[in-house]
S.K.: 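Input: one structure, supplied below.
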There are 2 protein chains.
Amino acid sequence: MNSVTIPKATVARLPLYLHALEILAAEGTCTVSSEMLARRVNVNAAKVRKDLSFLGTHGVRGVGYDSSELGTRIREALGLTRDFGVVIVGIGNLGAALANYDGFGEQRFHIVGLYDADPGTIGSKVGDLVVRDVRHMPADIAENNVEIGIIATPAAVAQEVATQLEQCGVRSILNFAQTVLQVEQADVRRVDLSTELQILGYYLRHDQS
Amino acid sequence: MNSVTIPKATVARLPLYLHALEILAAEGTCTVSSEMLARRVNVNAAKVRKDLSFLGTHGVRGVGYDSSELGTRIREALGLTRDFGVVIVGIGNLGAALANYDGFGEQRFHIVGLYDADPGTIGSKVGDLVVRDVRHMPADIAENNVEIGIIATPAAVAQEVATQLEQCGVRSILNFAQTVLQVEQADVRRVDLSTELQILGYYLRHDQS
DNA sequence: TTCGGATTGTGAATTCGGTCACAATCCCCA
DNA sequence: TGGGGATTGTGACCGAATTCACAATCCGAA
Ligand SMILES: NC(=O)c1ccc[n+]([C@@H]2O[C@H](COP(=O)([O-])OP(=O)(O)OC[C@H]3O[C@@H](n4cnc5c(N)ncnc54)[C@H](O)[C@@H]3O)[C@@H](O)[C@H]2O)c1
Ligand SMILES: NC(=O)c1ccc[n+]([C@@H]2O[C@H](COP(=O)([O-])OP(=O)(O)OC[C@H]3O[C@@H](n4cnc5c(N)ncnc54)[C@H](O)[C@@H]3O)[C@@H](O)[C@H]2O)c1
């Protein structure tokens with residue numbers, strides 16, 4: 001939507017910069033250098049500057065970036081200028097933990113629906129939401145303008161849930177199940193514990209990370 | 001440890017191939033083509049072949065790969081030929097969910113310790129383990145030869161926990177807290193929900209993924 | 001035994017991301 | 001008002017990762 005397209009790798013780092021900035025702001029820092037951000041995010045300072053240059057930012061040479069302005073720039077670039085509705089499907093161990101997580105309450109992401117298929121789970125309260133039957137999901141999504149779906153069901157049904165989410169118009173899916181989802185258009189991000197552990201396991205032997 | 005070094009990007013995909021293979025094996029498939037794997041993992045078939053070529057595999061031209069042999073090759077490459085001890089620090093909502101997760105029981109990763117600092121949590125049972133005081137962690141780790149640490153504490157103390165883990169000799173850390181950890185040598189992987197959501201948020205606008 | 005269809009393995013080309021290095025610019029102080 | 005120290009913005013380079021394309025090879029059928 002904006003002028004230039006931001007490289008994928010840069011997009012993935014913007015949230016880290018933003019978070020670092022929020023901490024710095026809380027500490028009362030008004031001006032921040034690329035070097036300072038780089039240390040906090042564990043990257044090269046030149047990379048920070050190049051990343052920020054895609055936002056059309058203007059730091060001041062010899063001085064650095066105004067931390068509050070830079071924050072708003074990054075938020076704009078990420079589209080965090082409005083609210084996003086999120087649903088979680090599969091309220092088991094993990095789903096319930098995610099639902100309880102209030103770390104993005106501060107952000108623009110709001111959990112507006114929890115869904116499960118198990119009659120024993122449906123109706124129970126998690127946080128301040130009541131778990132609803134997954135059959136109500138399509139209507140709810142349409143009504144509440146939900147844009148993001150989080151899948152925390154067993155792997156066996158994750159694909160089915162994803163398809164359903166997509167049919168409801170959800171274009172962004174965060175998948176915690178151990179499956180690679182096949183979708184039409186949706187953007188899927190995958191978070192998988194055992195994959196992460198296996199990668200770590202590899203580098204335990206081949207240390208040179 | 002093996003002859004060639006495997007590119008990082010390839011290492012990150014190997015667990016996906018492995019999982020796809022396990023499913024195919026369960027379905028009774030003996031021979032698998034790069035094309036077939038590619039579809040399941042959502043990547044280019046040439047990439048699959050190039051990835052597998054780093055393992056020194058031998059598929060058969062005109063036929064494909066023997067799925068069971070390929071599986072063992074990947075397991076060998078990843079070092080999944082022995083067991084790994086894992087501890088989880090911070091047994092709150094998320095930590096407890098991870099502790100209950102048995103998805104890597106089938107794998108070679110075994111959770112051998114749960115630690116918390118809250119007296120109300122210490123002593124409680126999660127899965128078949130009892131949560132212990134985090135002060136016992138160093139001794140336990142030394143005794144049980146733990147190699148991987150999972151951090152699920154609040155962000156404020158994650159750095160401290162990471163430092164402690166590293167001092168105990170843990171070289172691999174999976175960090176669920178919203179912080180970028182500063183470590184000496186350890187290999188850190190970060191899993192952060194709000195980062196993921198922000199990335200998804202970006203691509204909601206700039207659709208072309 | 002030969003042929004056709006299928007599939008691998010991999011060099012070459014390409015795209016993408018990261019790093020370097022430095023001119024351009026700014027602030028502050030003397 | 002001028003100079004020194006600091007820091008940005010970015011072009012040029014480098015390396016990693018992806019994709020392409022095709023010869024090499026195999027199986028099975030006729
Ligand atoms: N728990 C973890 O720590 C953890 C970690 C990593 C990955 N995962 C993955 O996350 C997923 C959930 O893990 P979990 O431990 O919470 O499992 P769980 O069994 O506790 O929860 C799964 C929930 O999904 C519900 N469900 C089943 N079918 C459904 C459907 N069709 N529609 C809606 N809901 C449905 C179940 O009723 C259950 O409540 C699994 O795929 C697991 O592999 C979990
Ligand atoms: N819960 C989620 O779904 C979720 C999702 C993404 C990220 N996270 C992150 O994971 C972390 C944990 O989230 P949570 O919801 O489970 O929080 P939580 O408050 O439920 O659990 C944190 C636990 O850590 C323990 N703890 C505190 N200080 C400790 C110390 N010094 N040593 C050992 N244990 C200590 C606390 O006693 C508590 O039991 C947070 O950093 C959060 O940002 C959580």
Side-chain angles (χ1 to χ4, degrees), chain A residues 3-17 20-21 24 29-71 73-74 77 199 202-203 206 208-209, chain B residues 3-17 20-21 24 29-67 69-71 73-74 77 180 199 202-203 206 208-209:
Chain A
S3 39
V4 257
T5 53
I6 303 180
K8 263 169 35 167
T10 296
V11 171
R13 280 187 297 267
L14 290 180
L16 304 187
Y17 299 145
L21 277 172
L24 286 166
T29 312
C30 298
T31 284
V32 57
S33 69
S34 61
E35 179 62 37
M36 212 181 297
L37 270 179
R39 257 200 309 274
R40 304 247 177 173
V41 179
N42 265 357
V43 299
N44 188 299
K47 184 149 58 179
V48 174
R49 293 198 294 277
K50 181 149 283 191
D51 282 342
L52 296 183
S53 77
F54 290 111
L55 316 188
T57 51
H58 269 290
V60 182
R61 294 175 188 220
V63 177
Y65 302 86
D66 179 282
S67 57
S68 108
E69 191 208 324
L70 185 54
R73 286 295 175 88
I74 295 179
I199 296 171
Y202 175 85
Y203 288 112
H206 307 73
Q208 96 290 20
S209 172
Chain B
S3 40
V4 258
T5 54
I6 303 179
K8 265 169 34 166
T10 297
V11 171
R13 279 187 296 268
L14 289 179
L16 304 188
Y17 299 144
L21 277 172
L24 286 165
T29 312
C30 298
T31 284
V32 57
S33 69
S34 61
E35 179 60 37
M36 213 182 298
L37 270 179
R39 255 199 310 274
R40 302 247 176 175
V41 179
N42 265 357
V43 298
N44 188 300
K47 183 147 61 177
V48 173
R49 292 198 296 276
K50 181 147 283 192
D51 281 343
L52 297 183
S53 76
F54 290 112
L55 316 187
T57 51
H58 268 290
V60 182
R61 296 176 188 221
V63 178
Y65 302 87
D66 179 283
S67 57
E69 191 207 325
L70 184 54
R73 285 296 174 89
I74 296 179
V180 176
I199 297 171
Y202 174 85
Y203 289 111
H206 307 73
Q208 95 290 21
S209 173

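Fair warning: this is a prediction, and the values are worked out from it, not measured in the lab. Chain A is the first sequence line, chain B the second, and so forth, proteins listed ahead of strands; every chain is numbered from 1.
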S.K.: Go through B:Ile74 and B:Leu21 one step at a time and tell me if the side chain to side chain contact (heavy atoms under 4.5 Å, CB included) criterion holds.
M.R.: CA-CA 10 Å; B:Ile74 296 179; B:Leu21 277 172; 3.8 Å; yes
S.K.: Give one of base, sugar-phosphate or nothing for A:Thr57, where a contact means two heavy atoms less than 4.0 Å apart.
M.R.: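 Sugar-phosphate contact only - A:Thr57 comes under 4.0 Å of backbone atoms but never of a base.
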S.K.: For B:Ala46, check side-chain contact (heavy atoms from CB on, under 4.5 Å) against everything at least two apart and list the hits.
M.R.: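 Applying side-chain contact (heavy atoms from CB on, under 4.5 Å) to B:Ala46 gives B:Asn44, B:Arg49.
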S.K.: Return the minimal non-hydrogen interatomic distance between B:Pro15 and A:Ile199, and the atom names on each side.
M.R.: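 Nearest heavy atoms, B:Pro15 then A:Ile199: CG-CG1, 4.2 Å.
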S.K.: Measure the distance from CD1 on A:Ile6 to C1' on C:dG17 and round it to the nearest whole Å.
M.R.: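 After rounding, the reported distance stands at 15 Å.
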S.K.: Tell me: CG of B:Leu70 to P of C:dG9, nearest whole Å?
M.R.: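 It works out to 10 Å between those atoms.
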S.K.: Taking all atoms of both residues into account, what is the closest heavy-atom pair of B:Thr29 and B:Ser67, and its distance?
M.R.: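 For B:Thr29 versus B:Ser67, the nearest heavy atoms are O-OG, 2.8 Å.
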S.K.: Would you find a donor on one side and an acceptor on the other, under 3.5 Å apart, between the side chain of B:Thr31 and the backbone of B:Asp66?
M.R.: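 Checking the backbone N and O of B:Asp66 against the side chain of B:Thr31, no donor-acceptor pair under 3.5 Å is found.
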S.K.: Roughly, in whole Å, what's the span from NZ in A:Lys47 to C1' in D:dC14?
M.R.: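 Atom-to-atom, A:Lys47 to D:dC14, this comes out as 14 Å.
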S.K.: Between residues 8-15 of chain B and DNA chain D, which residues have a heavy-atom gap below 4.0 Å?
M.R.: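 The stretch gives B:Lys8, B:Ala9, B:Arg13 as the residues lying under 4.0 Å from the strand, ordered by number.
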S.K.: Which atom pair, heavy atoms only, marks the closest approach of B:Ala45 to B:Ser34?
M.R.: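 Looks like O-CB, 3.9 Å.
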S.K.: Would you indicate whether the side-chain heavy atoms of A:His206 and B:Val11 approach each other to under 4.5 Å?
M.R.: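 Not in contact.
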S.K.: Between protein and nucleotides 26-30 of chain C, what N or O pairs are separated by less than 3.5 Å?
M.R.:
| unit_1 | atom_1 | unit_2 | atom_2 | d |
| --- | --- | --- | --- | --- |
| C:dC26 | O4' | A:Arg61 | O | 3.2 |

S.K.: Nearest whole Å is fine: how far is C:dC16 P from A:Phe54 CZ?
M.R.: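 From A:Phe54 CZ to C:dC16 P: 12 Å.
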S.K.: Quantified as the angle between the terminal helix axes (five pairs each), what is the overall bend of the helix from C:dT1-D:dA30 to C:dA30-D:dT1 to 10 degrees?
M.R.: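 Terminal axis comparison yields 0°.
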S.K.: Rounded to the nearest 0.5 Å, what's the gap from CG on A:Leu24 to CZ on A:Arg40? Could you check?
M.R.: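 It comes to 4.0 Å.
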S.K.: Working to the nearest 0.5 angstrom, can you tell me the gap between B:Arg39 CZ and B:Ser33 OG?
M.R.: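 If we round to the nearest 0.5 Å, B:Arg39:CZ and B:Ser33:OG are 6.5 Å apart.
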S.K.: Under 4.0 Å: is that the gap between some side-chain N or O of A:His58 and OP1 or OP2 of D:dT8?
M.R.: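 Indeed not, no polar side-chain atom of A:His58 lies that close.
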S.K.: Is the shortest side-chain N/O distance from B:Tyr65 to OP1 or OP2 of C:dG9 below 4.0 Å?
M.R.: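 So the side chain of B:Tyr65 is within the cut-off, an N or O lying under 4.0 Å from OP1 or OP2 of C:dG9.
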S.K.: Output the residues of residues 33-44 of chain B in contact with DNA chain D, where contact means a heavy atom of the residue under 4.0 Å from an atom of the strand; sort by number or write none.
M.R.: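 Contacting residues: B:Asn44.
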S.K.: If you apply the rule side chain to side chain contact (heavy atoms under 4.5 Å, CB included), what do you find for B:Tyr203 with A:Lys8, and how did you get there?
M.R.: CA-CA 10 Å; B:Tyr203 289 111; A:Lys8 263 169 35 167; 2.8 Å; yes
S.K.: For C:dG9, does either OP1 or OP2 sit under 4.0 Å from a side-chain N or O belonging to B:Arg49?
M.R.: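 For C:dG9, OP1/OP2 do not have a side-chain N/O of B:Arg49 under 4.0 Å.
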S.K.: Are any non-hydrogen side-chain atoms of B:Val43 and B:Arg13 less than 4.5 angstrom apart?
M.R.: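 Touching, per the 4.5 Å side-chain cut-off.
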S.K.: Look at the side chain of A:Lys50 and the base of C:dT19, then say whether one donor and one acceptor between them are separated by less than 3.5 Å.
M.R.: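 It does, because a donor-acceptor pair links the side chain of A:Lys50 to the base of C:dT19 below 3.5 Å.
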S.K.: Using a 3.5 Å cut-off and no angle test, enumerate the donor-acceptor pairs between side-chain atoms of residues 54-65 of chain B and protein atoms at least two apart in sequence or in another chain.
M.R.:
| unit_1 | atom_1 | unit_2 | atom_2 | d |
| --- | --- | --- | --- | --- |
| B:Thr57 | OG1 | B:Leu52 | O | 2.9 |

